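As the structure is a prediction and not an experimental result, all values here were calculated from the model. Values reported hereafter were calculated over all heavy atoms of this structure, with side chains retained and with hydrogens, waters and symmetry mates removed.
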Amino acid sequence: MGFKTDIEIAREAKKQPIQQIGAKLDIPSEALLPYGHDKAKVGQKFINSLDDRPNGKLILVTAINPTPAGEGKTTTTVGLGDGLNRIGKRAAICIREASLGPNFGMKGGAAGGGHAQVVPMEDMNLHFTGDFHAITAAHNLLSAMIDNHIYWGNELGIDERRVTWRRVIDMNDRALRDVVTALGGVANGFPRQTGFDITVASEVMAILCLAADLDDLQSRLGDMIVAYTRDRAPIYCRDIKADGAMTVLLKDAMQPNLVQTLENNPAFVHGGPFANIAHGCNSVIATKTALKLADYVVTEAGFGADLGAEKFMNIKCRKAGLAPDAVVIVATVRAMKMNGGVAKADLGAENVAAVEAGCANLGRHIKNVKGFGVPVVVGINHFAGDTEAEIAAVKAYVAEQGAEAILCKHWADGGAGAEDLARKVVELADSGVAEFTTLYPDELPLFEKIEAVAKGIYHAGEVTADKKVRDQLKAWEEAGYGHLPVCMAKTQYSFSTDPNERGAPEGHTIPVREVRLSAGAGFVVAICGEIMTMPGLPRVPASENIRLNEDGLIEGLF
């Protein structure tokens, strides 16, 4: 008998009205702006009233480097939240919203899996409450106003060759990566080369996820650099006078979304910046709101710990004044075998030697996360084909690293399958041993911050960058941006910049080929290798199999 699909399980959920979910966190119904019966936004006025409350414990769920075998970070986040509630704790989860591009492409949805999901799954993976559409509209309003300013005389003296602000769309469309706009004659403006990024790569997305409130949001939007003059002077969003209207478009999107897990526990789902080009975490306002309302808050960060956890610590926590109390690193036996050299087609066969060989990747992540001064536990996300010997090998290896690995069966059993992990997380979070520290101080020069991440997290031997890159970093320091953290943009599949180099490579070279200033979001992006800000669809996109059936239900989404 086969397993039910995620969407079949989600469709059988016995959801509670969203007001009942809010009541579990003492959110009054008048503080909720319902979107139907099973999702709502939490009002800013209510959020503001929580300032004097103490914070709960913050738990970060991260993972090893992703592999085609699958790790299940979001599934574990949801399962752990349910597990904490099952053992009598007042817990909430905080995750990112899903992008339409990957949903219709290759990755699929982002609401967990099996019996550890957030619902309504279909809504979350499609339009949800319209946040991404609002971000797309606000971003493209600025694009239109820049071109309009140039058309009507270009009073600011914008160099049309140096307009850095591209357009966005929440879809995978490689044909839009590089385009020429304003063709067709004088009435259509001045032709120039530009392009589209996917919405989750927009600086507006990163800003919404880091802003404290609407005033902070507008200030950050105004700080964005969108172009340069011929003498290289920056042009800011506020110079175009777009920041006010953009804030209006984003006023509802700024409010966190409340939904529920399959076990009717509260889940905040808000924001979704790219984990490559941005910081890859859900919004600060959602996390802070949850911390005021719950005793334990479980959140996640994008990709493996070398990208997601590093940016969570060095960017999100630094900017928001947060400090995690414990970290869960998700691993699977299957992924260990892949890191040990086993092909995906051969993962079904027991191979303890490959598991042991592949554990080096997990060990590197354990060491790195411990370096932030936070206690670590490994969650082994169970797959049906895992053998006792393989599981024992992972547990033994983790014990050698001074941590504990706990088998988790939340995919099959929901919160009941994560109770052991939940108890361990409570033990670690309540122990008071966490002494959180960032990897580098604010005052360190920008290039040395890049080196700190490359050598301290990736275990690289050196960082290379040509004179143009180094000079640009120095110019930003002289302009007052030297205190910003760095946001490393590289492949998620390896500690190196080669996506095929698995395990725990050391001594490799990290080439920084370009740097970008996200002045509004408040970080400097260091692009290492080839990073795509507008994905393309695969040969057979998931969208080919998504449809409505005869009962009007969605099929093929996930």
key: Asp197 with Arg166: basic N within carboxylate O range, under 4.0 Å   = yes
query = Does any N or O in the side chain of Lys311 come within less than 3.5 Å of the main-chain N or O of Ala305, such that one atom is a donor and the other an acceptor?
reply = no
query = Counting only N and O atoms by type, is there a donor-acceptor contact under 3.5 Å from the side chain of Arg90 to the main-chain atoms of Leu293?
reply = yes
inquiry  = What I'd like to find out is whether the side chain of Thr247 reaches to under 4.5 Å of the side chain of Asp215, using heavy atoms alone.
reply    = no
query = Would you say the side-chain atoms of Asn257 and Thr129 include a donor-acceptor pair closer than 3.5 Å?
reply = yes
remark   = Nearest heavy-atom contact between Gln218 and Gly244 is NE2-CA, 3.7 Å
request  = Please lay out, stage by stage, how Phe268 and Ile95 fare under the test side-chain contact (heavy atoms from CB on, under 4.5 Å).
outcome  = CA-CA 6 Å; Phe268 292 89; Ile95 62 174; over 6 Å; no
ask   = Who passes ring-ring contact (aromatic ring centres under 6.0 Å, His included) against His127, sequence neighbours left out?
value = His133
request  = Apply the test side-chain contact (heavy atoms from CB on, under 4.5 Å) to residues Cys487 and Val524: give CA-CA distance (whole Å), side-chain angles for both, the deciding distance (0.1 Å), then the verdict.
outcome  = CA-CA 6 Å; Cys487 182; Val524 172; over 6 Å; no
key: Heavy-atom side-chain contact between Trp165 and Asn140 under 4.5 Å   = no
request  = With sequence neighbours excluded, tell me which residues meet ring-ring contact (aromatic ring centres under 6.0 Å, His included) with Phe132.
outcome  = none
request  = Count the heavy atoms of every other residue, nucleotide or ligand shown that sit under 6.0 Å from CD of Glu435, and state whether that count exceeds 12.
outcome  = no
query = Is there a side-chain contact between Asn65 and Gln492, using heavy atoms and a 4.5 Å cut-off?
reply = no
message = One pair to check against salt bridge (Lys or Arg N to Asp or Glu O under 4.0 Å): Arg53 and Asp26. What are the steps and the verdict?
response = CA-CA 13 Å; Arg53 294 192 186 184; Asp26 298 327; 5.6 Å; no
key: ring-ring contact (aromatic ring centres under 6.0 Å, His included) involving His279 - partner list, sequence neighbours excluded   = none
note = In this structure, SG of Cys237 is separated from CE of Met224 (nearest 0.5 Å) by 4.0 Å
query = So, the side chain of Asn265 versus the backbone of Thr261: is there a donor-acceptor pair under 3.5 Å, distance only?
reply = no
key: Straight-line distance of Phe312 CZ to Phe372 CZ, nearest 0.5 Å   = 11.0 Å
Distance-minimising heavy-atom pair for Val259 and Asp38 = CG1-O, 3.8 Å
remark   = Looking only at heavy atoms, the pair that brings Ser494 and Asp306 closest together is O-OD2, 3.6 Å
ask   = Got Asn282 and Thr299 here, is their nearest side-chain heavy-atom distance under 4.5 Å?
value = yes
message = Between the side chains of Lys41 and Asp252, is the shortest nitrogen-to-carboxylate-oxygen separation below 4.0 Å, so that they form an ion pair?
response = no
ask   = Would Glu300 and Thr74 count as a side chain to side chain donor-acceptor pair (under 3.5 Å) if you check the C-alpha gap in whole Å, the side-chain angles of each, and the deciding distance to 0.1 Å?
value = CA-CA 7 Å; Glu300 65 174 6; Thr74 303; 2.8 Å; yes
key: Donor-acceptor under 3.5 Å (Lys319 side chain, Gly522 main chain)   = yes
key: Which atom of Leu58 lies closest to which atom of Ala323, heavy atoms considered   = CB-O, 4.1 Å
query = Taking the side chain from Thr332 and the backbone from Ala335, do they hold a donor-acceptor pair closer than 3.5 Å?
reply = yes
task = Please confirm whether the backbone N or O of Gln260 pairs with a side-chain atom of Asn264, one donor and one acceptor, at under 3.5 Å?
result = no
Any side-chain heavy-atom pair of Arg167 and Asp147 under 4.5 Å = yes
task = Would you name the heavy atoms of Pro120 and Lys15 that are closest together and state the gap between them?
result = CB-NZ, 3.9 Å
request  = Would you mind reporting whether Val515 and Ile527 have side-chain heavy atoms less than 4.5 Å apart?
outcome  = no
task = Let me see the working for Asn381 and Thr75 under side chain to side chain donor-acceptor pair (under 3.5 Å), right down to the final yes or no.
result = CA-CA 9 Å; Asn381 184 19; Thr75 305; 5.6 Å; no
ask   = Do Thr136 and Ser202 have side-chain heavy atoms sitting under 4.5 Å apart?
value = no
query = How many angstroms lie between CD1 in Ile457 and CG in Leu439, if you round to the nearest 0.5 Å?
reply = 5.0 Å
request  = Please identify each residue that fulfils side-chain hydrogen bond (donor to acceptor under 3.5 Å, both in side chains) with Arg238, with sequence neighbours left out.
outcome  = Asp223
message = I'd like to know whether Thr287 forms a side chain to side chain donor-acceptor pair (under 3.5 Å) with Lys316, so could you lay out the CA-CA distance, the side-chain angles of the two residues, the decisive distance to 0.1 Å, and finally the verdict.
response = CA-CA 10 Å; Thr287 303; Lys316 181 174 179 176; 2.8 Å; yes
ask   = Between atom NE2 of His270 and atom CG of Leu258, what is the distance when rounded to the nearest 0.5 Å?
value = 12.0 Å
ask   = Does His115 have any ring-ring contact (aromatic ring centres under 6.0 Å, His included) partners at least two apart in sequence or in another chain, and if so, which?
value = none
message = Between Asp6 and Gly114 (side chain of the first, backbone of the second, donor and acceptor by atom type, cut-off under 3.5 Å), is there such a pair?
response = yes
task = Could you check Phe495 against His365 for ring-ring contact (aromatic ring centres under 6.0 Å, His included), going step by step and ending with a plain yes or no?
result = CA-CA 10 Å; Phe495 281 107; His365 289 296; 4.6 Å; yes
task = Assess whether side-chain contact (heavy atoms from CB on, under 4.5 Å) is satisfied between Leu60 and Val328, documenting all intermediate values.
result = CA-CA 6 Å; Leu60 173 67; Val328 178; over 6 Å; no
message = In the structure I gave you, are the side-chain heavy atoms of Pro324 and Met313 within less than 4.5 Å of one another anywhere?
response = yes
request  = Examine distances only and state if a side-chain atom of Arg318 and a backbone atom of Thr438 form a donor-acceptor pair shorter than 3.5 Å.
outcome  = no
inquiry  = Closer than 3.5 angstrom, by distance alone: can the side chain of Tyr296 be matched with the main-chain N or O of Ile93 as a donor-acceptor pair?
reply    = no
request  = Measure from the side-chain N and O atoms of Thr199 to the backbone N and O of Asp170, and report whether any donor-acceptor pair falls under 3.5 Å.
outcome  = yes
query = How would you list all residue pairs meeting salt bridge (Lys or Arg N to Asp or Glu O under 4.0 Å) that involve residues 57-82, not counting sequence neighbours?
reply = none
task = Kindly compute the distance separating CZ (Arg11) from CD (Glu122), expressed to the nearest 0.5 Å.
result = 5.5 Å
key: Working for side-chain contact (heavy atoms from CB on, under 4.5 Å), residues Ile9 and Leu262   = CA-CA 9 Å; Ile9 294 170; Leu262 290 176; 3.7 Å; yes
ask   = About how many Å separate CG of Asp442 and NZ of Lys449, when rounded to the nearest 0.5 Å?
value = 5.5 Å
key: Neighbour count >12 (heavy atoms, 6.0 Å) for atom OH, Tyr493   = no
task = Assess whether side chain to side chain donor-acceptor pair (under 3.5 Å) is satisfied between His410 and Thr76, documenting all intermediate values.
result = CA-CA 7 Å; His410 45 272; Thr76 303; 3.2 Å; yes
request  = Tell me whether the guanidinium CZ or amine NZ of Lys490 lies under 6.0 angstrom from the six-membered ring centre of Tyr458 and within 45° of its axis.
outcome  = yes
